[in-house]
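Below you'll find the structure, written out as structure tokens, and then a few comments.
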Amino acid sequence: MSKNLLTAPNGGKTILEVGPVRIGGEEIVLIAGPCAVESEEQLTQSGLHLKKAGVSILRASAYKPRTSPYSFQGHGLEGLKMHKEAQKKHGLLTSSEVMDPRLVQEAAEHVDILWIGARNMQNFDLLKEVGKCGKPIILKRGASATVEEWIMSAEYIMAHGNPNVILCERGIRTFETSTRYTLDLSAVAMARLKTHLPIIVDPSHAAGRTDILDVLCKAAIAIGADGLIVEAHPNPKESVCDAAQALSLEQFEEIAKGLKPLAESVGRKICL
Ligand code: PEP
Ligand code: MN
């Protein structure tokens with residue numbers, strides 16, 4: 001098996017084409033949506049609103065890794081079906097986390113992009129399985145993973161046949177308690193030096209709050225991220241998980257508008 005699939009070829013960048021969306025090109029890709037799939041109605045409402053706010057990929061997971069076994073674990077296959085139905089109305093690309101190697105195929109049949117959550121970044125059997133599934137994979141960085149470990153996990157997916165990997169920085173565990181995690185933007189710059197893959201940033205899970213989301217989004221774009229993945233919910237207070245960090249759809253729209261000038265100032269485009 002060849003090594004170092006991730007070494008940037010001549011310093012170039014890979015652009016992934018997923019349906020009509022190009023990830024890693026000039027345009028900043030906006031991914032947003034609820035933490036979890038709750039209902040078809042919730043997905044439709046989110047998708048229709050977020051589409052107008054410049055989002056091209058709807059996030060919402062059918063499977064939820066929860067700290068407590070008594071918390072909502074996700075709707076599973078039913079949730080994936082809700083994604084399919086809602087997509088007929090909103091028309092965006094869809095995405096969900098996958099956690100179980102045995103369920104990768106069923107997820108791949110229902111959504112356009114899969115993601116590996118921070119807690120599973122080094123679940124090597126899962127990485128191998130998504131390497132075979134033929135769908136683009138967002139690989140979130142583990143909360144305690146070094147940049148090198150993160151990159152080697154991407155290498156696992158690629159070495160098993162899937163070159164379509166998007167790296168996602170989502171905050172690391174530090175001594176700081178004012179935010180849920182610490183957004184490590186230098187990791188974006190380091191991953192850029194070491195790989196040719198698209199890199200996106202998740203400020204929602206890093207901050208665990210909404211009041212600094214706008215500046216974190218701007219900082220991510222300024223440092224060279226290719227996109228953002230943000231939690232936004234039609235009724236944040238009612239969100240079944242991660243309510244404290246969920247923006248309303250209107251708040252997301254406001255933040256997205258403010259990103260346009262910043263994106264242009266660093267030579268990127270953002271279509272709103
Ligand atoms: C999520 O995206 O909802 C999530 C659980 O993120 P992370 O794996 O980064 O904690
Ligand atoms: Mn979440």
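This chain uses plain numbering: 1 for the first residue, then up along the sequence. Model, not experiment: these values are computed from the prediction. Whatever order the structure lists them in is the order used to number ligands and atoms, beginning at 1.
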For the residue pair Leu58 and Gly33, what are the closest heavy atoms and their distance?
CD1-CA, 4.0 Å
Measure the distances from the heavy atoms of Ser61 to every atom of ligand 1 and state whether one is below 4.0 angstrom.
no
Looking only at side chains, do Thr182 and Asp184 share a donor and an acceptor under 3.5 Å apart?
no
Enumerate the atoms of ligand 1 whose separation from the nearest heavy atom of Trp115 is less than 4.0 angstrom.
2 (O)
Any side-chain heavy-atom pair of Asp242 and His205 under 4.5 Å:
yes
Counting backbone and side-chain atoms alike, is an N, O or S atom of Cys241 positioned under 2.8 Å from the Mn ion (ligand 2)?
no
Closest to atom 6 (O) of ligand 1 among protein heavy atoms sits Lys140 NZ, 2.9 Å
Quick note on ligand 1: atoms under 4.0 Å from a heavy atom of Gly117 include exactly 8 (O)
List every atom of ligand 1 that sits less than 4.0 Å from any heavy atom of Lys64, numbering the atoms from 1 in the order shown and giving each element.
1 (C), 3 (O), 5 (C)
Over all heavy atoms of both residues, which pair between Lys64 and Cys35 is shortest? Give the atoms and the distance, please.
NZ-SG, 3.1 Å
Honestly curious: do Leu167 and Ile28 fall in one hydrophobic cluster under the side-chain, below-4.5 Å linking rule?
yes
Check this for me, if you would: do Arg141 and Glu149 make a salt bridge, where the nitrogen-to-carboxylate-oxygen distance has to be below 4.0 angstrom?
no
Work out the angle at the Mn ion (ligand 2) between OE2 of Glu231 and NE2 of His205, rounded to 10°.
90°
If every non-hydrogen atom of Asp112 is compared with every non-hydrogen atom of Leu93, which pair is closest and at what distance?
OD2-CA, 3.3 Å
Have a look at Gln245 and tell me which of His233, Arg180, Arg209 forms a side chain to side chain donor-acceptor pair (under 3.5 Å) with it.
Arg180
Numbering the atoms of ligand 1 from 1, which are under 4.0 Å from a heavy atom of Arg170?
7 (P), 9 (O), 10 (O)
Within ligand 1, which atoms have a heavy atom of Cys35 less than 4.0 Å away?
3 (O)
Here the atoms of ligand 1 under 4.0 Å from any heavy atom belonging to Arg119 are 7 (P), 8 (O), 10 (O)
Can you tell which of Arg59, Gln245, Glu169 gets a heavy atom nearest to atom 2 (O) of ligand 1?
Arg59
Of the protein's non-hydrogen atoms, which lies at the shortest distance from atom 4 (C) of ligand 1, and what is that distance?
His205 NE2, 3.3 Å
Heavy-atom side-chain proximity of Arg268 to Asp226 below 4.5 angstrom:
yes
Taking atom 8 (O) of ligand 1 as the reference point, the nearest protein heavy atom with its distance:
Ala118 N, 2.8 Å
Glu231-ligand 1 polar pair, N/O distance under 3.5 Å
yes
Would you give the length of the straight line joining atom CD of Glu231 to atom OG1 of Thr210, rounded to the nearest 0.5 angstrom?
11.5 Å
Given SG of Cys35 on one side and OD2 of Asp242 on the other, what angle do they make at the Mn ion (ligand 2), to 10°?
100°
